[in-house]
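Input: a single structure, listed below in structure tokens.
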2 protein chains.
Amino acid sequence: MESKLSKAEKTRQFIIETTADIFNTKGYAGTSMSDITDATRLTKGSIYGNFENKEDVALAVFDHNHARVRKVIQQRMQQAVTYHEKLMVYVQVYDHFTRLNYFPRGGCPILNTSVEADDTNSLLKERAAKAVLEWKKNIQALIQEGIAAKEFKYDVDDSRIALSLIALIEGGIMIAKVTDSQANLNQVMKTAELLIKMIRV
Amino acid sequence: MESKLSKAEKTRQFIIETTADIFNTKGYAGTSMSDITDATRLTKGSIYGNFENKEDVALAVFDHNHARVRKVIQQRMQQAVTYHEKLMVYVQVYDHFTRLNYFPRGGCPILNTSVEADDTNSLLKERAAKAVLEWKKNIQALIQEGIAAKEFKYDVDDSRIALSLIALIEGGIMIAKVTDSQANLNQVMKTAELLIKMIRV
DNA sequence: CATAAAATATACCAATCGGTATATTTTATG
DNA sequence: CATAAAATATACCGATTGGTATATTTTATG
């Protein structure tokens, strides 16, 4: 019988899922192979049978964590009708950043990976950079469609708005996590809301 | 003769200065004692004679890097006349973030330390949190003085503006560093400028 | 310039690091 | 149910980790 996932594929997925939070809290340098074997209750042989090395696990984990966050956003965005509402999904999601458990423990994987890897690990950096630029592109597309639908002003600087929204979110998360205050993120999200309001016709 | 600094104090300062960039690029977990001895050409005995442990070095290095950034801002702010100009110092400084070498290699120490330490090191986290809240307080004070001087609207939400400015800057730095694009930070700083313009009477 | 104290270097520690070669077990297939 | 292949476990590697006890050197002082 063809099982959907081979044993190894299942193990691989299991390793990724059980170490997802570890990498996202302790970081790449801070996570050891023994952290991985302890958490999975597997041995090194099993880990190295499914991954090339620690970096390879970290890369797969980043993709997994990133996909998880994306999924939450996309899901909510489908419910939204207007483009204004669609953009506001970001504000709403990060307004409940702490409470909701959509997010992997340790916060935003893009932020964590970007900040750790930008000077130390080119492969992880590349993934994080791609994630940021893809995110930017998605927001720009929403704005452009909103313009076409006469919802947003025709001369909106979509690139600037997209980058600023991302910066507010990621910077807001940084502040909220280090000060242990979701309220601080909420205040930043109010400015994000203002930014979105300002581009409406 | 009373020398200003004792030998040990000079060595301590030397260790802090020569490892400042290392900690800020590789992070706390990523920096090893041998990184420190290699860079300083000192031995472990000398390092441990002046610091309790690695964490103790990292804490001193954070204070040093943070003070360095603060100094640049304060210096420029003294030249500014109006409160609008004072707030714009942030925009101007981070508009040249990459070019200028005020900043320690590795980017913003507050961002780096916050993101790494918020789930792993309570002492470093505490320092970073203090730095953020002090920064926030300073911006709020500028806004309040600007209000008193009839330069800013009387009903400005100073807390929200302060947090949003910080978020834009730190989020913008994250984006710029991971995408290797100062231009991305400049676009975010344009929004910061807009934010500052909006509170004027 | 002798001497005590302070600062630095040397030599070492057990533990852990990431990684690998090989043995064992589990799985799929005829 | 035998067998080959795939997956996992065992046992090990040298290097490096953060840290310390002690020896040596440098500094300040009477």
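All figures in this text were calculated on a predicted structure; none of them were measured in a lab.
For C:dT24, the paired nucleotide is D:dA7, the pair qualifying as Watson-Crick or G-U wobble because both relevant distances are below 3.5 Å. Figure legend. C:dG30 is base-paired to D:dC1; pairs are counted as Watson-Crick or G-U wobble with both atom distances under 3.5 Å. Summarising the base pairing, D:dT16 is matched to C:dA15 through a Watson-Crick or G-U wobble pair whose two defining distances lie under 3.5 Å.
Ring geometry, B:Phe23 versus B:Tyr28: the interplanar angle falls under 30°, so the pair is classed parallel (tilted spans 30 to 60°).
Distance A:Lys44 NZ to D:dA11 P: 14 Å, rounded to the nearest Å. Between B:Glu9 atom CD and C:dT8 atom P there is a gap of 11 Å when expressed in whole angstrom units. Atom CG in B:Asn121 sits about 14 Å away from atom P in D:dG18, given to the nearest Å. In this entry the distance linking CG of A:Asp35 with C1' of C:dA15 reads 14 Å, nearest Å. Atom CZ in B:Phe51 sits roughly 11 Å away from atom P in C:dT8 (whole-Å rounding). If you measure from atom CZ of A:Arg41 to atom P of D:dT10, you get 11 Å, rounded to the nearest angstrom. Following rounding to the nearest Å, A:Lys10 (NZ) and D:dA6 (P) show an atom-to-atom distance of 17 Å. Atom C1' of nucleotide C:dT16 and atom CD1 of A:Ile36 are separated by 14 Å, given to the nearest angstrom.
Looking at A:Leu194 and B:Met198, their side chains come closer than 4.5 Å, going by heavy atoms from C-beta outward.
Within 4.0 Å (heavy atoms only), B:Leu42 reaches sugar-phosphate atoms of the nucleic acid but no base atom. Contact annotation for B:Thr31: backbone-only contact, meaning every heavy-atom pair under 4.0 Å involves sugar-phosphate atoms and none involves a base.
Between D:dA7, C:dA9, C:dG19, one nucleotide has an atom nearer to the side chain of A:Asn53 than all others, and that is C:dG19. In this structure, of D:dT10, C:dA9, D:dG19, it is D:dG19 that holds the atom nearest to the side chain of B:Lys54.
In this model, the phosphate group of C:dC17 is approached by a side-chain N or O of A:Ser32 to a distance below 4.0 Å at OP1 or OP2. Here B:Asn50 reaches the OP1 or OP2 of C:dT8: one of its side-chain N or O atoms lies under 4.0 Å away. An OP1 or OP2 oxygen of D:dG19 is reached within less than 4.0 angstrom by a side-chain nitrogen or oxygen of B:Tyr48.
Using modelled atom types, one finds no donor on one side chain facing an acceptor on the other under 3.5 Å when comparing A:Arg127 with A:Thr113. A:Glu116 and A:Asn112 share no donor-acceptor pair across their side chains, judged by distance under 3.5 Å alone.
Results of the side chain to side chain donor-acceptor pair (under 3.5 Å) test with B:Tyr83 over B:Glu145, B:Glu151, B:Gln144 single out B:Glu145 as the only residue that passes.
For A:Ser34 and A:Glu52, each mapped to the nucleotide of DNA chain C holding its nearest heavy atom, the one lying further toward the 5' end belongs to A:Ser34.
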